[in-house]
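Reminder, nothing fancy here: chain letters follow the sequence lines and each chain counts from 1. We use all heavy atoms of the structure for the numbers below, so side chains are in, but hydrogens, waters and symmetry mates are not.
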Amino acid sequence: MAHDALDAAFFQHDVRRVARALIGKTLVSRWNQQRVSGMIVETEAYLPRGDSASHALGGPNRKNASMFGPAGHAYVYTIHARHCFNIVTQNPGIPSAVLIRAVEPLGGIGWMQTRRNQEKRELLTTGPARLCEAFAIGRQLDGVRLGRRRHIWIEHDPDIRLAAKAIRKTERIGVTSAQRLQLRFVLRGNRFVSGPRSLG
DNA sequence: CTACCGATTGACT
DNA sequence: GTCAATCGGTAGA
């Protein structure tokens, strides 16, 4: 029950290292007395330099400001009328973030089904916008620090230990530039990973 | 004000 | 597998 919550120091490393390390961790949301949790099974890294797909390209603006803020805070953006949840890394001064693309539902599945208006577990949290809806993550969390006393945080279960080969590295999903970069990390074989099966 | 875009999803063949 | 709906944010007239 009382698993350690990851603190800011965890997120102050290279974004690729953090993206890989987040696989197998537990994402927890508590909102309106409703606790929801899931094991992270898919992430993507967005680099501070040389990454034409990063929202930080071109410098800070009103929309991407959180990417330039402190590590361990949320960066929530809107795309196609939906939300996506990132965790800022390496900052200050190095705008980078990890996109959480999919989790395996663990607790509060009934809340997820209600919020998603969807019964099938495979359709609750397989995709960045789907999991945001299931975890009640919206723009109001943009720039907010993660923590156990907040709306959202990440826990480490010491019983979950993944072998290096359990994590697969692939190209990112849906990115229209810089596609050759291998910046997506997935838990190999997990059925809650999003995207084409060939990249699972 | 209008025009256009997208780190997506869900419906469809 | 393919494809269009979707709408907030941003840029430009």
Side-chain angles (χ1 to χ4, degrees), chain A residues 11 14-20 22-23 27 38 40-69 71 73-91 94-105 112-144 146 152 154 168-187 191-200:
Chain A
F11 300 102
D14 179 275
V15 63
R16 279 163 291 204
R17 172 177 163 183
V18 176
R20 172 181 280 272
L22 280 172
I23 301 295
L27 178 67
I40 298 171
V41 298
E42 179 181 0
T43 62
E44 285 179 0
Y46 288 84
L47 308 180
R49 283 180 300 277
D51 186 355
S52 53
S54 172
H55 290 169
L57 198 71
N61 56 46
R62 185 180 214 88
K63 181 178 167 184
N64 67 13
S66 298
M67 284 194 76
F68 294 82
H73 288 228
Y75 166 48
V76 180
Y77 67 91
T78 308
I79 185 169
H80 293 279
R82 294 173 165 93
H83 299 299
C84 293
F85 172 63
N86 301 245
I87 304 168
V88 177
T89 61
Q90 292 180 259
N91 281 344
I94 307 176
S96 55
V98 176
L99 171 68
I100 310 297
R101 283 197 57 90
V103 307
E104 175 174 339
M112 300 189 204
Q113 290 169 324
T114 299
R115 292 169 182 167
R116 293 271 302 120
N117 190 28
Q118 168 67 67
E119 291 294 313
K120 296 177 185 169
R121 295 198 179 193
E122 293 81 1
L123 295 176
L124 292 176
T125 57
T126 55
R130 287 172 176 169
L131 77 85
C132 277
E133 191 171 22
F135 279 69
I137 297 172
R139 284 276 290 173
Q140 82 280 5
L141 286 188
D142 184 40
V144 170
L146 275 62
I152 197 137
I154 292 177
R168 183 178 178 195
K169 188 163 62 169
T170 79
E171 65 186 43
R172 294 175 294 187
I173 303 288
V175 170
T176 54
S177 55
Q179 286 180 312
R180 296 210 298 263
L181 298 173
Q182 302 275 301
L183 295 173
R184 174 173 174 262
F185 300 90
V186 304
L187 183 56
R191 76 184 213 267
F192 295 96
V193 169
S194 77
R197 193 167 170 170
S198 62
L199 291 178

Visitor: Partner of C:dT6 by Watson-Crick or G-U wobble geometry, both contacts under 3.5 Å, or none?
Guide: none
Visitor: Specify the separation, in whole Å, of atom NZ of A:K63 and atom C1' of C:dG9.
Guide: 6 Å
Visitor: In the structure I gave you, are the side-chain heavy atoms of A:R172 and A:D51 within less than 4.5 Å of one another anywhere?
Guide: yes
Visitor: From the list C:dG1, B:dA7, C:dT10, which nucleotide is the closest neighbour of the side chain of A:Y75?
Guide: B:dA7
Visitor: Nearest 0.5 angstrom please: A:I40 CD1 to A:L131 CG, how far?
Guide: 9.0 Å
Visitor: Which parts of nucleotides 8-13 of chain B does protein reach within less than 4.0 Å, heavy atoms only, written one letter per nucleotide 5' to 3' as B for base, S for sugar-phosphate only and - for none?
Guide: BSS---
Visitor: Would you mind telling me which residue lines up with the more 5' stretch of DNA chain C, A:A81 or A:N61, judged by nearest nucleotide?
Guide: A:A81
Visitor: Report yes if some heavy atom in the side chain of A:S54 is under 4.5 Å from a heavy atom in the side chain of A:M67; otherwise report no.
Guide: yes
Visitor: Between C:dT6, B:dA7, C:dG9, spot the one nearest the side chain of A:R139, thanks.
Guide: C:dG9
Visitor: Do the side chains of A:L27 and A:F85 get nearer than 4.5 Å, heavy atoms only?
Guide: yes
Visitor: Please report the interatomic distance CD(A:E42) to CG(A:L22), rounded to the nearest 0.5 Å.
Guide: 13.0 Å
Visitor: Please answer whether the main-chain N or O of A:L124 pairs with a side-chain N or O of A:R115 as donor and acceptor at a distance below 3.5 Å.
Guide: no
Visitor: Across all strands, who's sitting opposite B:dA7 as a Watson-Crick or G-U wobble pair, both distances under 3.5 Å?
Guide: none
Visitor: Could you state the CG-C1' distance from A:L57 to B:dA7, rounded to the nearest angstrom?
Guide: 13 Å
